[in-house]
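A short write-up of the structure that comes next.
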Amino acid sequence: KSMLFLGFLLIFLGLALPGTQGKIISRCEMVRILRQHGFEGFEGTTVADWMCLVKYESGYNTRAYNNNGPSRDYGIFQINSKYWCNDGRTAGSKDACHISCSKLLNDNIDDDIRCAKKIAREAHGLTPWYGWKNHCRGRNLSSYVRGC
């Protein structure tokens, strides 16, 4: 009985504690943010491309985190610690965005946006993101921005 109680208590605390879950940005709010920050036409991409990327990379969650073995992906754009941010754990990290990976896990996505644009600028598109390559590239993505 005490183990069952402990389990329920842990679940309750996990749901009740602020900050344990990232902010899930609504679809139209994300469209607005991307438009505001000049993503339409950026490096030959559309806001719909970025929306699809964000959906498949992080589910619009500002605190998404993914362990890839030797490196990790952080934040709404799932920015990788091997090349773009420094998490203090990834051997040989390039830290090309000059940012701590932990800063990509808060609800202020301005720094995430700057780094994502740097990645897209250097790649001349969205090919560094597997979520975009596997689910979005070459598809009709108009539904991601429809009605926003």
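Computed over heavy atoms, backbone and side chain alike; hydrogens, waters and symmetry mates excluded.
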Donor + acceptor pair across side chains of [X], [Y] (<3.5 Å):
X      : Y      : answer
Asp107 : Thr62  : yes
Ser142 : Asn140 : yes
Ser71  : Asn80  : yes

- Kindly check if Cys136 and Cys52 bring their SG atoms closer than 2.5 angstrom. yes
In Å, rounded to the nearest 0.5 Å, how long is the span from [atom1] of [X] to [atom2] of [Y]?
X      : Y      : atom1 : atom2 : value
Ile109 : Lys23  : CD1   : NZ    : 8.0 Å
His135 : Tyr130 : NE2   : OH    : 13.0 Å
Ile79  : Arg72  : CD1   : CZ    : 15.0 Å

- Do the non-hydrogen side-chain atoms of Phe77 and Ile113 ever get within less than 4.5 Å of each other? yes
- Message: So, applying side-chain contact (heavy atoms from CB on, under 4.5 Å) with Glu43, which one of Lys117, Glu122, Arg121 is it?
- Response: Arg121
- Task: Can you spot which of Thr127, Leu53, Asp49 makes a side-chain contact (heavy atoms from CB on, under 4.5 Å) with Arg137?
- Result: Thr127
- Message: I'd like to know whether Tyr74 forms a side chain to side chain donor-acceptor pair (under 3.5 Å) with Asp87, so could you lay out the CA-CA distance, the side-chain angles of the two residues, the decisive distance to 0.1 Å, and finally the verdict.
- Response: CA-CA 9 Å; Tyr74 294 86; Asp87 63 2; 2.9 Å; yes
- Task: Report yes or no: does Gln78 contribute a side-chain atom to a donor-acceptor pair with the main-chain N or O of Ala64 at less than 3.5 Å?
- Result: yes
- Item | ring-ring contact (aromatic ring centres under 6.0 Å, His included) partner of Trp129, the single match among Trp50, Tyr56, Trp84 | Trp50
- Query: Considering all heavy atoms of both residues, which atom of Arg139 and which atom of Asn134 are nearest to each other, and what is their separation?
  - Reply: NH1-O, 3.4 Å
- Message: Would Lys55 and Tyr60 count as a cation-pi pair here, with the cationic atom under 6.0 angstrom from the ring centre and within 45° of the axis?
- Response: no
